[in-house]
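Chain letters run A, B, ... following the sequence lines, proteins first, then strands; residues in each count from 1.
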Protein chains: 2
Amino acid sequence: MPRIKKTKYAVLGMLSIKPMSGYDIKQYIDFSISYFWNENYGNLYPVLRQIEKDGLADKQVEQGDGKPNRNIYYITEKGKKELLEWLMEPVNRQPHRIELLLKLFFGHEISAENCIQKLQEEKEIHEGLLREYENVEKVLKSEKKYSSHEGLEFWLITLSYGKHDSKAKIAWCEESIKKLEKMKK
Amino acid sequence: MPRIKKTKYAVLGMLSIKPMSGYDIKQYIDFSISYFWNENYGNLYPVLRQIEKDGLADKQVEQGDGKPNRNIYYITEKGKKELLEWLMEPVNRQPHRIELLLKLFFGHEISAENCIQKLQEEKEIHEGLLREYENVEKVLKSEKKYSSHEGLEFWLITLSYGKHDSKAKIAWCEESIKKLEKMKK
DNA sequence: GCGCCCATGTAACTAGTTACATGATTCA
DNA sequence: TGAATCATGTAACTAGTTACATGGGCGC
């Protein structure tokens, strides 16, 4: 079973929204899905060239007077077809690694204080994320640019995932901190 | 900033519980932390050899009559020290990728039915996991072998993470399925 | 004058995955 | 008979990361 190059599909998906440059794609990803998907230029640009080579997108150079040129990519029929096929396929689950949990699993080797600190940090991160999700949701629902976005409902579903996730993590952190505080006594 | 080889610390952590062979470590990981940490033999065995070479563990060959020999590794003082140092360090967060969310984000490209199916599958997976977590918790609390486990509280904390996580995901799936059902009408 | 943003790109790297191999024993 | 478990290992691979380079424009 060969591993899948997922960057390709993330890129095709972005290009299905509108034609974009590599730089645009990165910006869009960072704003819209960065809490569950990351891409970096070092991978993005080569993948874009491959996508063009495979006829999944057409490139058009936008002359920037003064500014650098921009390579704008337009998804082709072939590209769209390949995207849809991938989207229809069942989700390929793969194992993940959560360093915080590994450290906590061996937590009795270190001080409860140190563990509490890690949990506190985790909690604060998720409190921040939660605020972000709520902000983005507001923006999506109010700004016309987004409220007419074709896939708005789906965007909101992924946002809701983030909210559920962060809330659960905050609750778990609080519960665990309490447990550890008790242990100290 | 060089990337960290985390397998090393997972292995050292396991050896801090008790001396084990590579095979044992894999079994232990699969039973105890597989829902947030994975290791495979192809990586485990080379890392174990490196750990021994670096003086972080000592190897002792256990003659198996009939059965294959087992290489049992014992953590050294140096190994323990390196483990503790790593455990004390702040958690190194790195981005993750959730394929289900990527597919849902572009969900308007395909049928709501297909999306619902994906959510249904996700829900069922987490219902299964939840049952597993509850079983493991029962075992840990009842079986003497585990109830005297040094880091039991910490094990329970990581289990609780799994429970919070799966419950949140189940709730999100149900909510999202409802949203999509409404959309279909 | 400094640093950030725009915009694209390359080279070097590596941690981890997959596939394969061996061979005895146990269980259905 | 055949599959699963025990037990260790190697070779080939690769997707993605990091670090670096370029250079003009813009804001403070």
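When heavy atoms are screened at a 4.0 angstrom cut-off, B:Asn38 is found touching the sugar-phosphate backbone but no base atom. Counting any heavy atom pair closer than 4.0 Å across all strands shown, B:Gly42 reaches a base atom.
The 5' end of DNA chain D is approached more closely, in terms of each residue's nearest nucleotide, by B:Tyr41 than by the other of B:Pro95 and B:Tyr41. Along DNA chain C, the nucleotide closest to A:Pro68 and the one closest to B:Leu44 are compared, and the more 5′ of them pairs with A:Pro68. Comparing A:Lys8 and B:Ser21 by the nucleotide of DNA chain D that holds the closest heavy atom to each, the one mapping nearer the 5' end is B:Ser21.
In this structure, the side chain of B:Lys80 does not engage the main chain of B:Leu56 through any donor-acceptor pair within 3.5 Å. The closest donor-acceptor contact from the side chain of B:Lys103 to the backbone of A:Glu89 lies under 3.5 Å. Side chain of B:Ser176 to backbone of B:Trp172: a donor-acceptor contact under 3.5 angstrom is found.
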Under the criterion salt bridge (charged side-chain N to carboxylate O under 4.0 Å, His left out), I'd like the reasoning laid out for A:Lys169 against A:Glu122: C-alpha separation, chi angles, the key distance, then a yes or no. CA-CA 8 Å; A:Lys169 258 113 202 209; A:Glu122 179 79 2; 5.8 Å; no
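Side-chain N/O atoms of B:Arg97 include none lying less than 4.0 angstrom from OP1 or OP2 on D:dA15. Between B:Thr7 and C:dA15, a side-chain N or O to OP1/OP2 separation shorter than 4.0 Å is absent.
Taking the side chain of A:Gln27 as heavy atoms from C-beta on, and the options D:dG16, C:dG16, C:dC6, the nearest nucleotide is C:dC6. You'll find that the side chain of A:Lys6 is closest to D:dG16, out of D:dG16, C:dG9, C:dG16. Closest to the side chain of B:Lys5, out of D:dG9, C:dT8, C:dA15, is C:dA15. Taking only side-chain atoms of A:Arg70, from C-beta outward, the nucleotide of C:dG9, D:dA7, C:dA7 with the closest atom is C:dA7.
Across the protein-nucleic acid pair, A:Tyr23 atom OH and C:dC6 atom C1' stand 5 Å apart, rounded to whole Å.
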